[in-house]
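Inspection log for the structure reproduced underneath, given as structure tokens.
Since the model is a prediction, treat every value here as computed from it, not as a measurement. We name chains A, B, ... by the order of the sequence lines, and we start the count at 1 in each one.
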There are 2 protein chains.
Amino acid sequence: MPLDPLSSTFAALADPTRRAILARLALGETSVMELAKPFDMSLPAISKHLKVLEHAGLISRGREAQWRPCRIAPASFKQVDGWLGNFRRFWDESFNRLDGLLEEMKAEEAAKAPPRSNRKVRVKKEKQRGRMRG
Amino acid sequence: MPLDPLSSTFAALADPTRRAILARLALGETSVMELAKPFDMSLPAISKHLKVLEHAGLISRGREAQWRPCRIAPASFKQVDGWLGNFRRFWDESFNRLDGLLEEMKAEEAAKAPPRSNRKVRVKKEKQRGRMRG
DNA sequence: CATCTACTTAGCTCATCGGTTAAATAACCT
DNA sequence: AGGTTATTTAACCGATGAGCTAAGTAGATG
């Protein structure tokens with residue numbers, strides 16, 4: 001019987017070759033040959049890895065003549081991130097910190113009421129998930 | 001040969017039983033018996049799952065008399081989140097939006113210069129990774 | 001058509017995984 | 001000491017996974 005989607009995705013990520021392929025694809029769409037180059041591994045092996053990644057929803061593939069260009073597919077990544085979010089409080093300092101909460105509130109407020117900056121700030125009503133990186 | 005840490009962690013997460021165990025542990029530290037209850041599975045099976053989770057750095061275990069209480073261990077979760085961060089731009093809208101960037105800058109500024117609120121806002125110099133939810 | 005390139009499929013091997021039952025260990029409780 | 005409770009270890013089994021080689025398919029091109 002087939003695994004649930006999240007399990008397939010985690011299983012696909014549990015291989016360094018596949019993660020390296022994803023890292024390469026993060027730089028942009030490319031062909032199977034191109035993807036295979038860095039690895040000391042047969043082409044069929046790479047083909048299998050790509051199949052696993054595709055089935056896990058981590059990549060999608062097009063057709064261009066005899067090439068099958070691969071690219072990152074967002075959905076499964078998002079799902080993993082979502083699952084991980086249930087545990088974020090265990091390691092993300094700012095997620096728990098009261099100061100963090102206050103900062104978030106302030107940021108939200110600031111976003112709603114544009115400040116002295118003359119730039120017109122468009123803010124969607126939908127959920128705001130912006131991050132602060134220092 | 002043993003897998004690299006990230007692979008072990010993803011492999012550990014690629015099983016619904018283990019993820020369910022983690023979900024239970026997110027509610028708080030508990031014993032093996034307690035963890036085993038929801039599952040139609042032998043105790044040794046659960047014990048193995050816990051070993052896998054421990055080896056993956058996702059849980060840690062204490063000793064209290066004959067009990068081996070398990071709890072979430074943050075490090076590996078954090079590592080997974082970090083790896084996932086390399087791909088965040090592929091699915092996180094606000095991560096890419098220019099407005100998002102501006103909002104983040106503003107939030108940061110607001111955090112540095114406390115507003116009219118009388119509360120003393122302590123802000124660590126280290127990286128700020130607060131989130132806006134709403 | 002024949003051939004070259006870019007892949008995929010088929011079939012095999014070997015290791016690991018998830019589960020089992022039976023037995024061992026460990027700490028508490030008469 | 002002897003028993004009960006909590007948990008792990010040992011030994012086994014069937015399924016899956018990652019790799020290989022050899023052969024097959026699909027499309028461009030001489």
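For the side-chain contact (heavy atoms from CB on, under 4.5 Å) test with B:L53, the passing option among B:T9, B:L58, B:L25 is B:L58; the others fail.
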What nitrogen or oxygen pairs link the protein and nucleotides 11-15 of chain C at under 3.5 Å?
none

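Listed pair B:H49 / C:dG19 meets the phosphate criterion, a side-chain N or O lying under 4.0 Å from OP1 or OP2. Between B:R68 and the phosphate of D:dT5, there is no side-chain N or O to OP1/OP2 separation shorter than 4.0 Å. For C:dC7, neither phosphate oxygen OP1 nor OP2 lies less than 4.0 angstrom from any side-chain nitrogen or oxygen of A:K51.
B:D15 has its CG atom 14 Å from the C1' atom of C:dT16, to the nearest Å. For A:I46 and D:dT21, the CD1 to P distance is 13 Å, given to the nearest whole Å. Atom P of nucleotide D:dG17 and atom CZ of A:F10 are separated by 17 Å, given to the nearest angstrom. Distance, B:E54 CD to D:dT9 C1': 15 Å, rounded to whole Å.
The distance from atom CZ of A:F77 to atom CZ of B:F87, rounded to the nearest 0.5 Å, is 5.0 Å. To the nearest 0.5 Å, the span separating OG1 on A:T30 from CZ on A:R24 amounts to 4.5 Å.
Looking at residues 16-45 of chain A, you'll see A:S31, A:V32, A:M33, A:L43, A:P44 sit with a heavy atom under 4.0 Å from some atom of DNA chain C.
Residue pairs meeting the ring-ring contact (aromatic ring centres under 6.0 Å, His included) criterion with at least one member in residues 6-46 of chain B, sequence neighbours excluded: B:F10-B:W83. Applying the side-chain hydrogen bond (donor to acceptor under 3.5 Å, both in side chains) test to every pair with at least one member in residues 37-48 of chain A, sequence neighbours left out, gives these pairs: A:E34-A:K37.
Considering all non-hydrogen atoms of both residues, B:M41 and B:I46 come closest at SD-CD1, 4.1 Å.
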Along nucleotides 25-30 of chain D, 5' to 3', which nucleotides get a B, which get an S, and which get a -, given that the test is a protein heavy-atom distance under 4.0 Å? --BS--
Which atom pairs, donor and acceptor, lie under 3.5 Å between side-chain atoms of residues 62-75 of chain A and protein residues at least two apart or in another chain?
| from | atom 1 | to | atom 2 | distance (Å) |
| --- | --- | --- | --- | --- |
| A:R68 | NE | A:G62 | O | 3.4 |
| A:R71 | NE | A:E29 | OE1 | 3.0 |
| A:R71 | NH1 | A:S60 | OG | 2.9 |

Given the rule in the side chain to side chain contact (heavy atoms under 4.5 Å, CB included) test, do A:K78 and B:L84 qualify, once you have shown the distances and angles that lead to the verdict? CA-CA 9 Å; A:K78 194 170 184 172; B:L84 212 62; over 6 Å; no
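At a cut-off of 3.5 Å, with distance as the only test, no side-chain donor of A:N96 or A:S94 sits close to an acceptor on the other residue.
Side chain of A:S8 to main chain of A:D4: a donor-acceptor pair is present (N/O by atom type, distance under 3.5 Å, no hydrogens or angles).
Put simply, B:I21 and B:V52 are part of two different groups of oily side chains (I, L, V, M, F, W, Y) that touch within less than 4.5 Å, one to the next.
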